[in-house]
Amino acid sequence: MNTWAVIDFETTGLSPDQGARPTEIAVVLVQDGQLVDRYQSLMNPGVPIPYDIQALTGISNDMVRRAPAVATVMAEAAAFVGTHPLLAHNAAFDKKFWDAELRRLSLMRQQEFACSMLLARRIFPEAPNHKLGTLVQSLRLPATGRYHRALADAEATAYLLLRLKQELRMRFKLPGISHDLLLAIQGVSRSAMDGCVAKFGQGAG
DNA sequence: TGCCAGGCCCTCTTTAGGGCCTT
């Protein structure tokens, strides 16, 4: 079974180290080339959402005031993800929040965390830029809803993952793309991709 | 309705600086 858990956070800021907390999370399970299951919830961060971020995401203080506590939602999200490898667009951001909120629950992430932005930079270096919205447009991926809402962005990232795997299969004539291959590619320079494919290129996907 | 990070990657590089990307 080759399943990815694609996640996206909306938050009150850029860094949990500076007091930012999540306001929404979505998880999309990708299996056998399809989006097979979804989890999404707003959550009450317990801190005010700055005005500019409310404008960016459309998530207001009123909306999260009635939502479940962060701890409740994160426990559900962690159970939904299970041991599937994680993937996010600019994973450095989502990984910080995922790990910080799990620590508050005395949990620790066990699986790898891959990044669709790093993969897209290597596989589609010619893209105008590597923002999620730009890649959706330039690669003609399915429209999923309002940008900067967790489920729409997680679904867009899931479609991007499928497109990245499709491109690798076509370019290197592979039967499938394993977790190990994607993780290896994101960890090397563009010029070292061929070596990665030779080493990890056989696997179901 | 304040404050604001940090890893990756390119290049005018590696004894560094700055843009990208996430909210």
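Values below: all heavy atoms of this structure, side chains included; hydrogens, waters and symmetry mates excluded. All chains are named by letter (A, B, ...) in the order of the sequence lines, taking the proteins before the strands, and each is independently numbered beginning at 1. On a predicted model such as this, the values are computed, not experimentally measured, just so you know.
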Taking the minimum atom-to-atom distance to the side chain of [X], which one of [options] wins?
X	options	value
A/A92	B/dG7, B/dT23, B/dC21	B/dG7
A/N90	B/dC3, B/dT23, B/dC21	B/dC21
A/P50	B/dC4, B/dC21, B/dT23	B/dC4
A/Q18	B/dC3, B/dA5, B/dT23	B/dA5
A/T57	B/dC4, B/dT23, B/dC21	B/dT23
A/K96	B/dA5, B/dC21, B/dT23	B/dA5
A/D153	B/dC21, B/dC4, B/dT23	B/dT23

Taking the same atom, [atom1], in [N] and in [M], what whole-Å distance lies between them?
N	M	atom1	result
B/dC21	B/dC4	C1'	16 Å
B/dC3	B/dC9	P	31 Å
B/dC20	B/dC12	P	15 Å
B/dG2	B/dG7	C1'	27 Å
B/dG19	B/dT13	P	16 Å
B/dT1	B/dT23	C1'	15 Å

Minimum heavy-atom separation for [X] to [Y], with atom names?
X	Y	result
A/D8	A/E10	OD2-OE2, 2.8 Å
A/A91	A/F113	CB-CD2, 3.8 Å
A/N44	A/A67	CB-O, 3.6 Å
A/M63	A/R149	CE-NH1, 3.7 Å

Which part of the nucleic acid does A/F97 contact within heavy-atom distance under 4.0 Å: base, sugar-phosphate only, or nothing?
nothing
Scan A/D52 against the nucleic acid and name what it touches under 4.0 Å (heavy atoms): base, sugar-phosphate only, or nothing.
nothing
Any side-chain N or O of A/H130 under 4.0 Å from OP1/OP2 of B/dC20?
no
Below 4.0 angstrom from OP1 or OP2 of B/dT23, is there any side-chain N or O of A/H148?
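The answer is yes; a side-chain N or O of A/H148 sits under 4.0 Å from OP1 or OP2.
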[X] [atom1] to [N] [atom2]: how many Å, rounded?
X	N	atom1	atom2	value
A/N61	B/dT1	CG	C1'	7 Å
A/L132	B/dC21	CG	P	11 Å
A/F93	B/dC20	CZ	C1'	15 Å
A/K95	B/dG7	NZ	C1'	9 Å
A/L118	B/dG6	CG	P	18 Å
A/F113	B/dC8	CZ	P	14 Å
A/W98	B/dT23	CH2	P	16 Å
A/L135	B/dC21	CG	C1'	11 Å

Please figure out whether A/Y51 or A/K131 has its closest DNA chain B nucleotide nearer the 5' end.
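First, find each residue's nearest nucleotide; the 5'-ward one identifies A/Y51.
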Select from A/Q186 and A/S15 the residue whose nearest nucleotide in DNA chain B is closer to the 5' end of that strand.
A/S15
Would you kindly confirm whether A/L182 and A/V27 end up in one hydrophobic cluster when ILVMFWY residues are joined by side chain heavy atoms under 4.5 Å apart?
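No.
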Can you classify the ring geometry of A/H179 versus A/W4 as parallel (below 30°), tilted (30 to 60°) or perpendicular (above 60°)?
perpendicular
Output a table of donor-acceptor pairs, distance under 3.5 Å, between side-chain atoms of residues 49-58 of chain A and any protein atom two or more places apart or on a different chain; print 'none' if there are none.
{"unit_1": "A/Q54", "atom_1": "NE2", "unit_2": "A/I49", "atom_2": "O", "d": "2.9"}
{"unit_1": "A/T57", "atom_1": "OG1", "unit_2": "A/I53", "atom_2": "O", "d": "3.0"}
{"unit_1": "A/T57", "atom_1": "OG1", "unit_2": "A/I59", "atom_2": "N", "d": "3.0"}

